[in-house]
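Both ligands and their constituent atoms are indexed starting at 1 by order of listing. Nothing fancy with the numbering, it's 1 onward along the sequence.
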Amino acid sequence: MLYRPLGSTGLNVSILSYGASPLGGVFRETDDQEGIETVHTALDLGINFLDVSPYYGATKAETVLGRALRDVRRDRYFLATKVGQYGDGIFDFSAARVTASLDESCARLGVDYIDLLQCHDIEFADLDQVVNETLPALVKLRSAGRIGHIGITGLPLKVFPAVIDRVGPGVVETVLSFCRYELNDTALKSLLPYFNARDIGVINASPTGMGLLTERGVPAWHPAPPAMIAGARRAVDYCRSVGADIVKLAVQFCVAHPGIATTLVGTASPANIRKNIAYATAPIEVELMNKVLELLQPIHNHNFTRGRPENRDPIVP
Ligand code: NAD
């Protein structure tokens with residue numbers, strides 16, 4: 001495994017990291033024991049950064065992750081969770097709620113300290129509230145030593161500068177972007193110089209585009225429009241026809257970018273996390289990679305957006 005610094009946090013994170021949303025049964029019914037084994041396999045093979053949220057599986061992912069971490073030394077991993085999103089359409093970014101939320105997450109996870117606490121999907125929030133209430137509440141928790149660092153997450157890219165430009169340096173230490181840097185979409189690249197100039201650590205999530213670039217394909221809730229799903233399918237089918245695993249290319253493409261500290265991949269399968277970790281450090285088959293990028297060109301940077309109208313990115317249809 002290779003490691004990169006996460007902005008100025010002082011955390012040296014594995015270039016491939018573990019996203020625990022599948023432990024909440026977000027993609028399919030999962031077996032908790034297998035999920036726990038997946039976490040242990042990830043840690044044993046060098047992953048040291050774990051991401052979760054109370055939202056995933058309505059607290060189930062945090063609970064299962066907590067069971068997995070029960071017997072693991074606390075200095076073996078950096079733990080990130082989130083505040084503000086608690087169910088489909090259920091958001092509360094108030095200071096009181098996010099402060100209580102930290103205690104609830106710690107209880108489920110069986111820890112008393114969170115390395116990185118992130119405001120979860122701020123496109124659904126009133127950004128004035130995030131700037132004036134949520135982030136100040138997290139700064140208080142950081143000053144009190146309850147958390148190590150503060151981050152924000154979101155799908156539309158515009159929400160990141162919209163918040164970072166309005167708070168003092170060092171308030172937001174990381175961003176978590178998803179589905180905007182993967183084989184079919186490189187829009188996140190445009191913001192990397194902005195983050196880099198401010199020493200903000202970049203976490204890229206969903207290298208397979210939340211299942212878009214997998215054999216199983218997307219879950220029913222996936223927001224991609226049909227043309228995008230069909231476009232991705234062509235690349236998946238091509239890889240199968242030549243005996244290649246598209247997930248290998250998907251992982252390699254993301255971890256190769258030096259401006260991205262870490263890429264979060266989700267799975268509840270020990271076999272798949274093993275594969276993904278091997279993929280992250282294997283040499284790229286350049287010809288195959290180029291062929292797949294060419295196949296995905298017709299849907300390059302096509303996207304979906306969401307959140308409050310003022311927080312949405314323009315759509316490339
Ligand atoms: P992902 O792109 O990592 O895809 C997960 C899907 O790919 C699952 O269906 C999984 O079974 C499948 N998969 C993984 N490895 C595979 C393999 N080797 N072969 C076949 N299929 C494989 O998407 P994700 O899980 O949504 O994202 C990763 C993590 O990033 C999440 O678990 C979460 O922690 C984080 N995330 C955060 C946000 C946010 O904060 N807003 C949004 C998206 C993701």
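Here Val247 has side-chain heavy atoms under 4.0 Å from ligand 1, and that is the only part of it that gets that close. Contacts between Leu176 and ligand 1, counted as non-hydrogen atom pairs separated by less than 4.0 Å, involve the side chain only. Neither the backbone nor the side chain of Glu215 comes within 4.0 Å of ligand 1, counting heavy atoms alone.
A heavy-atom separation below 4.0 Å is found between Lys82 and ligand 1. Contact between Tyr18 and ligand 1 is absent, with no heavy atom of the residue lying under 4.0 Å from the ligand. Under a 4.0 Å heavy-atom criterion, Arg216 is in contact with ligand 1.
When Thr30, Asp121, Leu264 are checked for heavy-atom proximity to atom 41 (N) of ligand 1, Asp121 turns out nearest.
If you number the atoms of ligand 1 from 1 as listed, the ones under 4.0 Å from a heavy atom of Ala20 come out as 32 (O), 34 (O). Atoms of ligand 1 lying under 4.0 Å from any heavy atom of Pro207, numbered from 1 in the order shown and given with element: 2 (O), 3 (O). Remark: ligand 1 atoms within the under-4.0 Å shell around heavy atoms of Gly209 are 2 (O). For ligand 1 and His120, the ligand atoms under 4.0 Å from any heavy atom of the residue are 39 (C), 40 (O), 41 (N). In summary, the atoms of ligand 1 found under 4.0 Å from a heavy atom of Pro22, numbered by their order in the structure, are 32 (O).
A salt bridge links Lys60 with Asp32: the distance from a Lys NZ or Arg NE/NH1/NH2 to an Asp or Glu carboxylate oxygen falls below 4.0 Å. The existence of a salt bridge linking Arg234 and Asp237 is excluded, since no basic side-chain nitrogen approaches an acidic carboxylate oxygen closer than 4.0 Å. For Lys82 and Glu62, the salt-bridge test fails: no basic side-chain N is under 4.0 Å from an acidic carboxylate O. Salt bridge Asp112/Arg74: absent, no basic N to carboxylate O contact under 4.0 Å.
Heavy-atom neighbours of Glu215 CD from other residues, nucleotides or ligands within 6.0 Å: above the threshold of 12. No more than 12 heavy atoms of other residues, nucleotides or ligands sit less than 6.0 Å from atom CD of Glu287.
Regarding atom 30 (O) of ligand 1, its nearest protein heavy-atom neighbour is Ala205 CB, 3.2 Å. Counting protein heavy atoms only, atom 4 (O) of ligand 1 is closest to Thr208 OG1, 2.9 Å. Protein heavy atom in closest approach to atom 3 (O) of ligand 1: Gly266 N, 2.9 Å. Scanning the protein heavy atoms around atom 37 (C) of ligand 1, the nearest turns out to be Tyr56 OH, 3.1 Å. Looking at atom 32 (O) of ligand 1, its nearest protein heavy atom turns out to be Ser21 OG, 2.8 Å. Protein heavy atom in closest approach to atom 44 (C) of ligand 1: Ser206 OG, 3.3 Å. Among protein heavy atoms, atom 29 (C) of ligand 1 sits closest to Gly19 CA, 3.6 Å. Scanning the protein heavy atoms around atom 17 (C) of ligand 1, the nearest turns out to be Asn272 CG, 3.4 Å.
Residue Asp51 has at least one nitrogen or oxygen atom sitting less than 3.5 Å from a nitrogen or oxygen atom of ligand 1, judged on distance alone. For a threshold of 3.5 Å applied to N or O pairs, the pair formed by Thr214 and ligand 1 contains no separation below that value.
Between Gln85 and the options Thr153, Asp121, Asp92, Ile122, a side chain to side chain contact (heavy atoms under 4.5 Å, CB included) holds for only Asp121.
For the pair Glu173 (side chain) and Gly151 (backbone), a donor-acceptor distance under 3.5 Å is absent.
Both the sub-6.0 Å distance and the 45° axial angle are satisfied by Arg198 relative to the ring of Tyr194.
Cluster membership for Leu183 and Val316, using ILVMFWY side-chain heavy atoms within less than 4.5 angstrom, is not shared. Linking ILVMFWY residues whenever their side-chain heavy atoms come closer than 4.5 Å, directly or via other members, places Leu249 and Leu2 in the same cluster.
Note: Lys248 NZ to Leu288 CG = 8.5 Å, rounded to the nearest 0.5 Å.
No side-chain heavy atom of Ile114 sits under 4.5 Å from any side-chain heavy atom of Leu141.
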